[in-house]
Each structure stands twice: as C-alpha cells, then as structure tokens.
Amino acid sequence: MARGTIVVDTNRCKGCELCTTVCPQQVLEMANSYNTRGYRPVLLVDPEGKCTGCTICAVICPDAVLTVYRLPAIAKAQRAPAAMALAA
Amino acid sequence: MARGTIVVDTNRCKGCELCTTVCPQQVLEMANSYNTRGYRPVLLVDPEGKCTGCTICAVICPDAVLTVYRLPAIAKAQRAPAAMALAA
Amino acid sequence: MTSIELAGYDVVYRRPEALVNTTTHYCPGCTHGLIHRLIAEVIDELGIGDRSILVAPVGCAVFAYNYFNVDGCEAPHGRAPAMATGLKRSQPDKIVFTYQGDGDLAAIGTNEIIHAAGRGENLTVIFVNNATYGMTGGQMAPTTLSGQVTTSSPYGRDVELVGAPMRVSELISTIPGATYVVRRSVHNVANINKTKAAIKTAFQVQMQGLGLSLVEVLSTCPTNWHMTPANALQWIEDAMIPVFPLGDYRIADAVVPLTKRTRGGQ
Amino acid sequence: MTSIELAGYDVVYRRPEALVNTTTHYCPGCTHGLIHRLIAEVIDELGIGDRSILVAPVGCAVFAYNYFNVDGCEAPHGRAPAMATGLKRSQPDKIVFTYQGDGDLAAIGTNEIIHAAGRGENLTVIFVNNATYGMTGGQMAPTTLSGQVTTSSPYGRDVELVGAPMRVSELISTIPGATYVVRRSVHNVANINKTKAAIKTAFQVQMQGLGLSLVEVLSTCPTNWHMTPANALQWIEDAMIPVFPLGDYRIADAVVPLTKRTRGGQ
Amino acid sequence: MAKELWKGNEAIAEAALRAGVEAYFGYPITPQTELLEYMAREMPKYPGRVFLQAESELAAVNMVYGAACGGVRTMSSSSSPGISLMSEGLSYIAGTELPAVLVDIMRGGPGLGNIQPSQSDYFQMTKSLGHGDYHALVLAPSTVQEAVDLTYESFELAEKYRTVVVILADGAIGQMMEPVELPPWRETLTEAQRPDWALRGAKGRPHRTLTSLNLTPEGLEQTNLRLQARLATVQRNEVRWEEEMTEDAELLLVAFGTMGRICKTALRAARRKGQKVGLLRPISLWPFPEQRLYELAGKTQHILVVEMNAGQMLLDVQAAVQGRAPIDFYGRMGGMIPLPDEINEQIDRLMAPPISQPELNQSGNGYHRHAAAAAVASRA
Amino acid sequence: MAKELWKGNEAIAEAALRAGVEAYFGYPITPQTELLEYMAREMPKYPGRVFLQAESELAAVNMVYGAACGGVRTMSSSSSPGISLMSEGLSYIAGTELPAVLVDIMRGGPGLGNIQPSQSDYFQMTKSLGHGDYHALVLAPSTVQEAVDLTYESFELAEKYRTVVVILADGAIGQMMEPVELPPWRETLTEAQRPDWALRGAKGRPHRTLTSLNLTPEGLEQTNLRLQARLATVQRNEVRWEEEMTEDAELLLVAFGTMGRICKTALRAARRKGQKVGLLRPISLWPFPEQRLYELAGKTQHILVVEMNAGQMLLDVQAAVQGRAPIDFYGRMGGMIPLPDEINEQIDRLMAPPISQPELNQSGNGYHRHAAAAAVASRA
Amino acid sequence: MHEEIIISGFGGQGALFAGQLLAYAGMDSGKHVTWIPSYGPEMRGGTAHCTVVISDEPIGSPMVRNPSAVIALNLPSLDKYEGLVKPGGVLVYNSSLIERTVARDDIRVTPAPANAISMEETAPLLEGKPGDARLANVVMLGALVQATGMLPLEAIEAALAAHLPQRHRRWLGPNGHALRRGASIAEAVAL
Amino acid sequence: MHEEIIISGFGGQGALFAGQLLAYAGMDSGKHVTWIPSYGPEMRGGTAHCTVVISDEPIGSPMVRNPSAVIALNLPSLDKYEGLVKPGGVLVYNSSLIERTVARDDIRVTPAPANAISMEETAPLLEGKPGDARLANVVMLGALVQATGMLPLEAIEAALAAHLPQRHRRWLGPNGHALRRGASIAEAVAL
Ligand SMILES: Cc1ncc(C[n+]2csc(CCOP(=O)(O)OP(=O)(O)O)c2C)c(N)n1
Ligand SMILES: Cc1ncc(C[n+]2csc(CCOP(=O)(O)OP(=O)(O)O)c2C)c(N)n1
Ligand code: SF4
Ligand code: SF4
Ligand code: SF4
Ligand code: SF4
Ligand code: SF4
Ligand code: SF4
Ligand SMILES: [Mg+2]
Ligand SMILES: [Mg+2]
C-alpha cells in the first residue's frame, strides 16, 4: 500500500498540466483520451506506489479536481511543510 | 513724497480686510461708506507717508484690487524679499 | 462533500465546502479558479460561509457567485466596493467581500476602491491582477507591463504614451482606512500558501472590524498571454514580480497581532 | 492694463494681464481669487497666455473661465482631467491646465486624476483644498478635518464612520506619471509666494513635457467655515497644515533642475 | 395631526424616514441638497439606520444597489446631472429586479445648465433610466403634501413590484414650503419580514444569487418577459392622475407636477372668463394615464400640453390621443416657468378659431409648437 | 473601387478614419471591442491623430468633450452599459453645442444583460442621452455598407449642426461581415479651417469660453431655444428612411437596423404568398420619419412594428400614426432576434381578420402586443 | 381671500424669514399657504426674495408675476416690483433706504422707515451700541398686514412666538414692538 | 440563387474561417454575401458557428433558422442542425468524429472523413510528426461546394490564395488538396 494516493475527478479536469509539473514523485501523466468536456485529464500512474500524499498537486490545481489521501501513521511523521496550511 | 503708495480699485474691493491685517505700516483702514457692490472698501490712510510700496497688501489681496507704486531709487535698494517674485 | 473515502487512508486534501461542486467556466490553467479555491478554504476554516456575501465583478470572474456556497451578487463594472459598502453598512454583522480584476478595480473602478478605503469600510477585497482585460479578449489594463503586446496595445505598451503600470497596493497603502494591504502571487506552491494565509488575515481584519483589507494576487491569463499554463506561472515570476514586488504594503498596528496569529496557526 | 500711472512712481505691483479686468463672484476674502491671481501672474511671466487652455471645474470656481484671459471650458463635476486629456492629446502644443476643488478632484473625480497621472499626461493641475464643498453650501468633503462640523456632518466628521481626511498629494505622489506633486498654502505672504513659485514650476514641467504636475493649495472658505477671512487664514495654519503638511511630495529627477531654476530666478 | 409648514426637500426626507427607510446614500447637488442634509441630521438618531455621503452619484446608486440586495429599504436622491450618472446602476437594479426609491429634484439643463426648476428629465425618467428595456414607476407630485404622500407610498410600491420608484419633482417643489400633514411612523422590517430573495447570509438554506447577467439569449429573454409582465401589472394597477373640470372642457390642459398646479390657476381664470377649460394632471408619469387621456381627447376640441421643457410628455400625449384632437404645446426652458398669464394667453389664442400655427413659433417669451394631427400632415 | 469583405465594427472604424477622425477615445466592451482594437492598430499610422484607451467610458466621453472643444474631429464607441455611463458627458456636449460622433453597438439588457444583439437602447438614444432638453441625431444602419456610409457622413452632420451624432447598430451589425465599398480619404482640418468657436489658444484674439452653464434662467432659455431651433432644422433636413413596396401595402411593417433588413426577407416571403405587405425602415431614428409614416398610415390597413426589444420605436410610431391605422407590435428581447418565419406568422395572423388580441400576449416565443387605436380604448 | 405677496430685499435683510412668518400665520389662521424662495444668479449675497400665497382655496401657482402686495426692502426691489403690483394692490417700501417716491396711483403705497424704527427698537438690547436694522423686515411685515388686512396682526405675533429660532428668543419682545409700529404706520397712511 | 449555409463545430475547428472563405468566394463571384458568427454562452472554447448567405439578390436576414446547407464538424453540431436543414437541402458531416448516421431522407447527406483526410494531407509538412486535423474545415467546404454546386470550386481556391493569413502561407498547397479531396467525396456520393 502506497503512503499516499489521489483521486482525480476526471470530468472536471481541464488538462492544464500544472499538477504534472509540480508532483515531486512524477507520478502524474496526461491521459490520451478525452473527458466529457473535451479535455485530456490527468492520470495517476503510480505502479511503484511512490505517491506520498504530499498534496502539492492539489494545492496548485486551479480546478479543485484532486482529492489526496495518506496513510495515517506515515502521514503524521512526514508531512511536507507546503501542505500544512491546507491540511489544517 | 512717500516712498510708496497704493491705488485701490474701490468698486472691486470686497472689504475682506485681509490687506489691513498684513500691512507692516498699518496705513490701511476700512472705509465707512459702501461701494457699488455694497462692501466697505479699504482706504490708504497715510498722512505721514509711511507706505513703503512693499506690495504685501497686494500680494494677499484675493481680488487683485490694489496697484502698488514705489519711488524708483529707493525701490531698488529696499525691495522686500517677499515681494521679489511678484515684481519679476 | 462528494469525495470518496478510501479504506485505510485519511483524506488530507479535499475540495472545500464553500466551493460549489461544479466546473468553472475559466480557461484551463487560469488561476482565477485557484484563487477561488483558496478563498473557499479560508471561508471554511473561519466558519463564516453562512454569513458571508460576495460581490462579484464584471470580468472573467463575473460568475464567481455561482462558485461559492455563500450569498452573492454582481456589481456593475468597477463598482463592487460601492455595492459592498451598501451591503455592509446595512448588515454590519455580515462578512462582505469583493473579488475584482485589474480592469475592474484598477481602471474603471479606482474611485470606488479608493473611497471605500478612505472611509475605512470593513470590507475584504481580493484583487486579481493578471495584467490584462481577460474577459473582453485581452486588452491593455492599467497593470499591463511595459512593452506587453495586447489587442489594444498592438505595438506593445508604450510607457511614454500611456504611462507605467499602475501599482495598486502601493497606491492604496497610502490610505489610512486600508489597514491591511499586501501583494501575493500564485505562481508556485509556496506562494499559493502565502496567498491563502493573507486571504485569511484579510477576512479576520474584517471580522474584527479593523477597516479595509486588500489582497492583491498576481494571477495568470494563459489565454490572452498566449502561453501554456505552466509558462504563464513562470511569466509571473520572471516578468510580473519585478514590476509588482510581493510584500506587505500596509499592516496597521491593530492588524499586526492578526498576522502573527495566522502565521503561528498554520 | 487699466492701472493708472502716478508721476514719479514706478508701478511695482499691478493686476496681471492674464486676469480678466472684472470682479469675481467669490465671497469676500475667499482665497480662490488669490490663487487665480497667482496663476495669472505665472501665465504672464511665462508668456503662455496665448496658448493656454483652462479646464474649469464644477465648484465655486465654475466660472474660472470668465476670469482668465485664456481660452477656457467647463468640465462635468470631477472630469476636468479627462477633458484636459482630450484637449492636450489633440493639441500637444497647448498648455492645458485644470483648476479643481476638493469635492471635484478628491471625491467624484478621483478616478480621472489618478489615471491622468497614471498615463503621465502633460497637464498642470491646480488643486484647491478648502476642506469643504463650497459651492453647494458647505458639505463634508473627503478632505474635511476630523470633528469638523459641516452641513452633511452636523455632529462633526466622525473618523470612525467615514474615515480620515483624504491626503491627495500623498496619494498622487505614488504614481510615477505625476512628476511634480507639492502641497502649498496661501495663509500668509511667505506661503503665497511659495505657492506662486510652485505653480510656475508646475507649468514649466508641462512646457517641457515632463508629465503631470499637481499643486495642492490649502485655501479658505470663510463663508462655510463661518469665519472672518483673517481667521480663516489662521485656521489653515492651526488646523489644516497639521493634517495636510506642506511640502514637496514628488519631484521626479527630470523636474529637479526646474525647481532649482525657479528658485534661482526669483 | 396638525399641519406643519415644511420645505419640500425636507418633507420628502421626513416622509422617507417615517416610511421606514433604513439606508440613504447620496451626494450633494442643488436644488436637492437639503434632502441629504436632513438625512445627515436625522438618520443617526435612529439606531440601525444608515446615512452615508457617497463619493459620487455613481457610488451612491451602487450603494443603494448593494443595500437593496439585502432586502433593506433604501433610497437616494439627486438632481439632473447626478441622475445621469446613475443610469448604469439603475439599469442594473432593474435587471436584478430589486426595489429602490430615487428622488430627482430637476434643474435646468442640458449639461451643467443651472439650478432653477425645470422638468427636462421627463424623458430620462419615463423612457430610459439607462440602457435596456425597463421603466421605473415615476410619480410626479405637485404639492409638498403630495410629495410626502407619494414618497411614503413609494417604498411599498417598490417592494410590491420589485422596481425602482422615482419621485420626480422640480426645484420649485424641493424649495417651497407648504403645510403638510405627516404620515405615521412605520416600523422597519424584522429579519423574518425580509423578502425571500434577499442576501442575508446563507444560514440554513442554499446560497442565493442576485444578478442582472444571463449570457444565453433565451435566459435573458425570460428575465425580460418577467420584467415586462410586472410592468404590465403596474400599468394596470398604478395609473394615477387628477382631473379638474374635464366634463365639459372644450380645451383640455395637460400638465404635471409644478406645471400642473400652475395650470389650475390659469384654468380658474379662464373659467371666470367663461372659457370651458379642463385639466388632466398625470401623477404617475409612467405608467402614463393614456387610456383616460384617450377618452378625454374624444370629448374635447383641443389639447394644450404645458411643460417646463421643450415638450417631452407631449410625445406620450400624442401617442395616447391618437389623432382624436389637435394638440398644442407651450413650454419654457432653462429654469423659466410658464406663469398663469402666459398660459391664459395660449388658451385665448387657441380658443379663438381658426387655428393656424407654424411648427416652431417663438413669439414673445415662450416656446410653443403645434404638435400633432393636421399639423403633422402639413409639414414640409 | 472593388468591394472588400469587412466586419461591421472594423468597417465603421475605417470609415471614421477616412472621414478624417483625429481623436478616438474608448473603453473595451463586447460586442464593440473590435472597433477600439482597430483604432489601436491604425491610428498610430497617421501622424497627428490620437488613439487613447480611457480608464472608463466616463473618462472617454469627457476626453471626447475636451477634444471637441478644440474643434477636432473626435469620436467614441461603446455598447449599452458603457453608453449609460456617458450620459452626463453627452448632455454636457449637447449643452455646449459641440460636434461629436458616438457609435453604440447595442447588446442585451438591462443591467449587465448579455453580449447578444439587441435594440434596447432605442429610448436611451433617441429620447434622453442624459438629462435636459436635447436630442442627438441618431442614424441606424442595416448593413455594413450603410454603417460605413453613415459613419462617414456623421462627422459632417455633427459639425454642421454642432450636435452629437449617434451611429446606432446592434451586435449583429458590429460582428457580421459584408462586402463594402469604402469611401475616399478625406483630409483632416487645417488650422485655418477650424471652427470659429474652437479653443486653440487666444492668440491675437479675445479669449473664448465653452460652457453649458448659464445661471440665469433667461440666459439658459436662450441656449435652449438656440438648441431647439437647430434641432428643428435637423428635423426639416435630415429625416431619412427606406421604403419597400409601400404603394399597395395593406400591412405596413416598420422596423429599423438589423430588424429592418430581416423584415425584408419576411416581406418577400409574404409577397410570394400574395400578401400585400410593405416596409418602412427608418434610418434616422431621430429625427423620426413621422410625416412619411403619417402618410403611409392613411393608406394601409394595419401596421406591424417589429423590434429587438419590448417596443420602444413603437411609441414614436404611435405618436406619428395618430390613430389612422391599428398598430401591432412583435418583438423579442435579451438578444433573441425575430427571424423571418416568426414575422411571417405575425403577418399571417394580422392579415386574417377579424383581429382581436389581448394587450400582452406571450404565445410561443415572442413578445407581442396590440398597441394602439381600438385596443387602447378597450383597456381596463 | 387670495393674496399673493412678494417680499424682496438684499440678502441678509430677512425677506425670506418675513415671508415664512406670513406663511405660518396664514396656515395657523386656517388658510392655504405657499412660500417659495427665489434665487438670483448670484452665488452668495445679492438679492433675495420670496413669494407667499395665502388663500381660502387650494393654491394653484405658487409663483406670481403680478402680486397683490409687495414689500420692497431696498431700492432694487422697488424698481423691480413697483410696476408689477396688481392694480388695487399694496406696496410697502423701506423709506429708510429708499429716497424716491412711487409714481403709481392705482395701488396703495405705504412708505415705512423700517431701518430707523429697527434701530430704535434694537438699541436697548445692544448694550450701549447703536441699534441695527435686524427688525426692519418685521416692521415692514406689520405695515403690510395692516395695510392689506389679510390676516390679524395677532396671527403674526403668534407665528413669531412659535417660530423665532431659539437662539434669538430674547428678540421676541422687540419683534413684537417692531411689528406693531409697522402696523401703526400703515394705519396712519390709511387714514 | 440564394443559399443559406451554417457551418458549425468546436471552437478551433475552423468553422468561422471556412465560412469566411465561402463568403469571399461568393463575393468575388459577384454575389451578395453575408457572414455572421454566433456566440454560444461559453466564454471560451465551446462551440462556434457561423451563418453565410450567398444570393443573387440583396440579402435581407443574415440569420436563418432553416439553412439550405449545413456543415457539421462535430456531433453536437449534427445533433443541433440535422433537423433544421430545409427539405431538399444539403448536410455534410465529419464522419471522422461522428459515428452515427443521419435519418432524414428529404435532404442530401454527405459524410466526409475530414479529420482523416486532413491528417494525411498535413503529415508531409509536419516533419515526421503525425498529421493533424487543421484542414478538416476545408475538406468539408470542398464537399459542401461540390454537393450544392453553389459556387465553382475555383472560387474557393482563389479565396484561399487571397485570404490565407501570411503566417500560414506554406499551407496553401495542402489546403488546395484538402478542398479537392472533399469535393471528390461529394462527387462520389452524388453518383
Ligand atoms: C461599463 C462597462 N464597461 C465595459 C465593460 C466590458 N468589460 C467586461 S469585463 C471587462 C474587463 C475585465 O478585465 P479585468 O477586470 O481585468 O478582469 P479579468 O477578466 O482580467 O479577470 C470589460 C472592460 C462592461 N461590462 N461594462
Ligand atoms: C454630477 C454632479 N454632482 C454634484 C454636483 C453639485 N456640486 C456642484 S459643486 C460641488 C462641490 C464643490 O466642492 P469643491 O469641488 O470642493 O469646490 P469648492 O466649491 O469648495 O471650491 C457639487 C457637489 C454637480 N454639479 N454635478
Ligand atoms: S500527492 Fe504529491 S506525490 Fe502524490 S500525486 Fe500529488 S503531488 Fe504527486
Ligand atoms: S492541475 Fe487540475 S485541472 Fe490541471 S491537469 Fe491537473 S488535475 Fe487537471
Ligand atoms: S505697499 Fe506695503 S506699506 Fe504700502 S499699504 Fe501696502 S502693505 Fe502697507
Ligand atoms: S484685501 Fe483686497 S478685497 Fe480685501 S479689503 Fe483689502 S483691497 Fe479689499
Ligand atoms: S481569459 Fe484569461 S483570465 Fe479569463 S478565464 Fe481565460 S485565462 Fe482566465
Ligand atoms: S463659498 Fe467658500 S469657497 Fe466658495 S466663494 Fe465663498 S468662501 Fe470661497
Ligand atoms: Mg484582468
Ligand atoms: Mg472645496
């Protein structure tokens, strides 16, 4: 089980790619298919379970598309500073 | 002959008394009669020829009522600093 | 909220309650949406969603009232601070905030913001500076940068002819009634978080009745800048910040404790 | 001019040519007339009477165009800087100046002056601050002092409710396009002379195309202040100057030589 | 209650206070300023009510817009140039279907004009208070008492129809003193009484939105149809006028506001001379009493419209009369007021047939023109 | 000269350039913005000409006012809400008797409304472009070519009558492309050609003053009489309209601008069906072709006014027709445009007697009402 | 009855207040009244006048061209209104400031030395200083009311008592005197 | 002749430009023409369409409810306009993006695989990258012009040569090809 994961509200993603540019684990990619609004949404491609649930992708997303999850214990110990305000 | 003198454009004076408050020689008084606009105009009352032509009265007059005269020689020597810009 | 629960995981980030569960009309990558989200998060955190009233501008954010779970209305172009004044004066227990673009606040509506500040109205103003008129197709704004090509400055903004970019925070901070005036940016995660903290302080200033609070946010317009969203963020850093330095332009004495508390509270 | 010659005497002061040979409608002791005279003297000294255009305000000075021997027109309340912009842009060889009260410039017309400054319009603005709306019978202006009783602040201006007096020179001086921004007063002879020097510099700034010049002049309204003219001058010194400190608020580098020259030339 | 002598501007302000106005926003302008000044003095005496001098009329109307969004009784007042500055805001208020009251104490125009009484905002007020399809309900008092009564009622009308109600008077009514009986004090609204569209914070209910924007033509058409339907109701319910001696009138005077009352003096003088003159004085200028005028036009020989302007209500008269009687106009402008003797001169002229009049005939002081029916046909 | 395909907004801008406009001041607003953007691109190419984006429409109109004081050919353009903000300034320009040209590319209202084509500024433009007694000369093109021609001519008209001339079009004309033949380039004025009232510096002559202020009612009345006399001349000289198949028309369509041309399609369809339908398309909305309409009303059975609004020109039609024919109205609002099939439906309805129609009848899509004659009499 | 009165003088001579007194008195006597001030082109100072109509009937025009009674407090006012008084009307003028006489013989003319009377009546309250002209308006009003008989003098007195601003309270007595002296002048003229 | 054409697609598919080409070609062939764009409620993106009228007579309404010819570049456009085409009219749709067929049998329907053709025609100029859909609009226009015969194909070619923006000059050749290929599809269908 990865330390973190995300859920993409696919039909609300506008494919702006901003989250992909900031993810420290580089586990985000643009899909090749289109969503109902005609955009290519982002995908979590994390076969190795690298996502830390750091929330950085969610912080930069202009469209509040992402929900971020973290394993409880690990979450407490390794919170990234950038995410702190948002987790409050 | 006094060093200076003034001419009051009597019908244009509004009797505000400002000139009387600033004349260093105290030679200005308000008339007891009224001008055509219903104001009591200022008068030069200078029997002793004290007016220096310093222009101070004219500088403060809001209604450009006063013309100031000075004897040429004296004028050059004794120009008051306050009047300089105006005499330019 | 609609976010799903995942067995074994805690939710560490989810859409704020105060943000309506819908898709905005903003262009992909436009940071209007991001700033909306930050405001919604602050409203949630302060628990003021049921007594807040938004005054939306004329500009790309004209539909902002559709995106917040708070009461909202729509001002004529530039007049949001006057409308907000009418609302706040007659309902002083409400939290009234305006959301305004640079055309709206820094061009047609400069008078209204200056006098709302002058009167020290208890209002919060979120001022979104994207250096252009987004909604009407990218004309020159007072905040357009020197040399920037827009549809109404096709040869680049000529400072000789139309003056230097207008610096709103600098201007408003000279007015005593504006007690909290800061400039922030959303070009990266660190600055996004700082922006959110400032927005929170701005609302708290109003909650304490300390006067007008204004947060200027440097924001992108990828569409009219003709850039990718990522390049647009970069352009904020490279081109806008040198002209519009980030920082605190006025923090009145009464407001200082609030800024401390917000920082500490994070 | 009409002044008489006196045998043996030199005329050391006479009405300026640029002042129309008529009586103004101003109340006795009102310093609007005095400021008019200073402007007229400057126009004479600079020899620009035949290429100057005045934009009069709505306010007590609404008839100012009747008092200057220069072409003149009348702007809607507060819009003089916009009208002047239209005149100057289409006739750049003319010297265009506005004469505006504090209601005109600091209330309804704040947007126009800020953006004229923002664009660096080559205009000269004489801003007459008498802390009230003279023409309409003495209502509160943005520049009305704290506690000052007016017909629309009958219990005294309450800073808590309507904010502190607006400081125009401070505000405008933050705008780069306004290259010469100073505050002067006409409450005594020394200050009258300084005011005149500033007005002269302001016109010279325009003649050299250096941007917007603004001279704020603290002025009396004996009628609505309910004071004698002499007491009104004293009130400027006692009550107004502490709130509106005299001084040079912005002298752009390019303007500095002009201020030296003007001083030297006196 | 005993009558008191009140100045029009102050009486209107007092009537608004008694009607429960909670928020007043305005900007000084002659000849309306006493109204603002009265509010400045009186409003602070009532807790929870707001007086604020705005930085401009533009700001004032948008403060009213804001307060109105909250379901608060609110108003502004101004005079002609100030009203022009409000037109965008008023159009927004109309498009958002909000109630608000506006007092216009008209002065001479166009432009800065002067501060004398005039009726030259008739068109602005009845036809196009800004862009878009809407009308305000426009009420024109001819006495200070009527100004009080109409102001008092205006708030209810505004709320009932979710519309802007304008009290349209001229400087004469603003400045004159007359005996007045003041209406009783009305309570301001409690929270529970606030309208169900008001923005008061989304506590325990979904959030609400007030806007004049609708990007789809279909949607905006619906807004407009709703607006027009409401205006049609106003047209059915709120037409007001006064008549004097119309039964046997061979010449019908039509005049509103100050001009309406001045015409009464002329009417009486004419009747003393045996001339059968009547008067229709529209009180609601929008909706205009077109139906009644149409009826009266069928019974009279001639219509004379008198205004303190170049002939603005005249157009509504023409449209209502539909050719059933010839229409003449007499007016004065720029703050000049047609006095009874001038009007009687016109009456004498018109009642001495045959009438033959050039279109624009500036003889003596006044500005008169023959405006309709036969005359139109005979124009070049 | 060969025809080129031009977008309305840009063609108007180019026509103004060719007419010698020297100073343009404006503020962006859809659906007019291309006009401003075209000026931004082209003006800098001509030395001595000025393009300036103002901080608001309020500033823009006053920049125009300033430039006009100098006897300079000047103009602005905007769309409905922006025009509302100009009303004070326009009233000043009128009161100062200055020439200026204004283009209004109308959109849906009231308030912010939307950016679809509409004709809902008719009242604002023809009746009260601000406070006070005045009218602008209002010209309504129905094609891009006509927009070009009228714009080109508008500057001369403005100068001849010292008045504001309005080019009133809707978003459809602003946005559409049509083949256009452009007029020749005209020189801008030399210093010697400047009008003798222009403020150009008091060199070798007494100083001049331009103002709309006159504190004495007698003085302001004179200004107004001068203004009215000039407007009367305009009414004599400048009435323009187009007619199609009016000779034998049993039903007369009256429509302007885009609506006028759409009615032509309906007219042709009706004629193909053997219905005797004609069209009067007013081109000058002020002065309105009332005389011609009065004549035609005497020859037709029925009049149908069609507008992209709730019935504004309708009032002028009613006033002109004077009951000589029944008048019906069909309109759509909020950016909806009556298309030929809807109009033909109305024609069919009206040409199948007997007519009996409730006052406000919202059936199907459109907004129609029976507006005059018998109907008025039968109202409650 | 139907009276149309114009009261005119320099700004500061109290023409407007005299008119208000008349209007109050008329109202309190159960009449219809209107009071309307008129602004000259001057922004401050200049002349001030008001029109008062008192009538048994509801009042149509509050403005009049040909008043039935005029009070002229100064020469410009006399010049302006002398010719306008309705035949049979009353003209009261301030003979303290106006030296010329009135030519018309179809109206009743009452010269009243209002300033002089005011000086006499005000002097006692001005502690040694000479009297001033502040009561001239009331003297004239007394003369007018008496000359026309439009209202009982007591009505004016009551209006004075009710409407003299608080800060001028101590002037109530002298005002009453001034009013009566004005009335007695008119009486004398009428005899 | 009198043709009323609607061209509709996603923003970016070039519907408006295709309409302009048609208008230019019509004008240069001596016809009366109008071109009018139509805005959806979307502020950006969404659908874009335009109406072109080409006629021997001066044009009345530039808007039409029932076009004589329609180009549908995407499915929403087909859904919207399929039912509106005048009986006897022509409907050309982009079969690369639209999988369904058209039910009406009172109009002439031409499916054209416009994206596919565009890919083929653009690939050579895109240096190794796969082709893109930028010429789909011109393919469709070719098909429409051929199917209706409203104008000679050469007129469109000339319009392309005259009005293709300078920066797209190198695409002139491929545009011509795309146009002809569109035309030949329509020809095939017609046979
Ligand atoms: C009175 C008026 N003028 C002009 C417009 C047109 N208009 C709509 S939005 C806008 C500018 C928006 O720019 P900005 O405020 O910077 O917001 P952005 O779209 O960039 O977020 C303009 C000029 C209008 N709606 N009303
Ligand atoms: C649009 C508009 N609003 C209000 C007024 C009324 N008005 C005339 S002058 C004035 C204020 C003048 O005050 P200020 O500018 O300070 O000049 P001052 O008379 O004190 O010199 C106002 C509010 C007006 N003429 N036009
Ligand atoms: S939570 Fe962090 S690691 Fe996981 S996808 Fe988002 S940015 Fe990448
Ligand atoms: S930042 Fe948001 S909208 Fe953009 S691609 Fe990522 S999830 Fe989609
Ligand atoms: S010139 Fe000087 S001394 Fe003479 S009167 Fe004037 S102030 Fe007095
Ligand atoms: S300062 Fe001028 S106006 Fe005043 S009293 Fe002296 S001369 Fe007269
Ligand atoms: S136009 Fe610009 S500001 Fe507007 S939504 Fe698109 S990217 Fe954002
Ligand atoms: S009212 Fe005041 S500002 Fe106006 S002229 Fe009189 S004293 Fe001067
Ligand atoms: Mg912007
Ligand atoms: Mg002032």
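Chain A is the first sequence line, chain B the second, and so forth, proteins listed ahead of strands; every chain is numbered from 1.
Heavy-atom distances place no part of C:A117 under 4.5 Å from chain D, backbone and side chain included. Both the backbone and the side chain of C:L161 have a heavy atom closer than 4.5 Å to some heavy atom of chain D. Looking at C:L171, the atoms closer than 4.5 Å to chain D (heavy atoms on both sides) sit in the backbone and in the side chain alike.
The one candidate from C:I35, C:V55, C:D104 that meets the side chain to side chain contact (heavy atoms under 4.5 Å, CB included) condition with C:Y99 is C:I35.
Counting heavy-atom pairs closer than 4.5 Å to chain C, the top-ranked of the candidates D:G78, D:S173, D:P142, D:G118 is D:G118.
Between the side chains of C:E170 and D:T174, no donor N or O sits under 3.5 Å from an acceptor N or O.
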request  = Assess whether salt bridge (charged side-chain N to carboxylate O under 4.0 Å, His left out) is satisfied between C:D93 and C:K88, documenting all intermediate values.
outcome  = CA-CA 8 Å; C:D93 56 326; C:K88 180 77 182 187; over 6 Å; no

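The minimum heavy-atom distance linking C:F244 with C:P165 is given by the pair CZ-CB, 4.0 Å.
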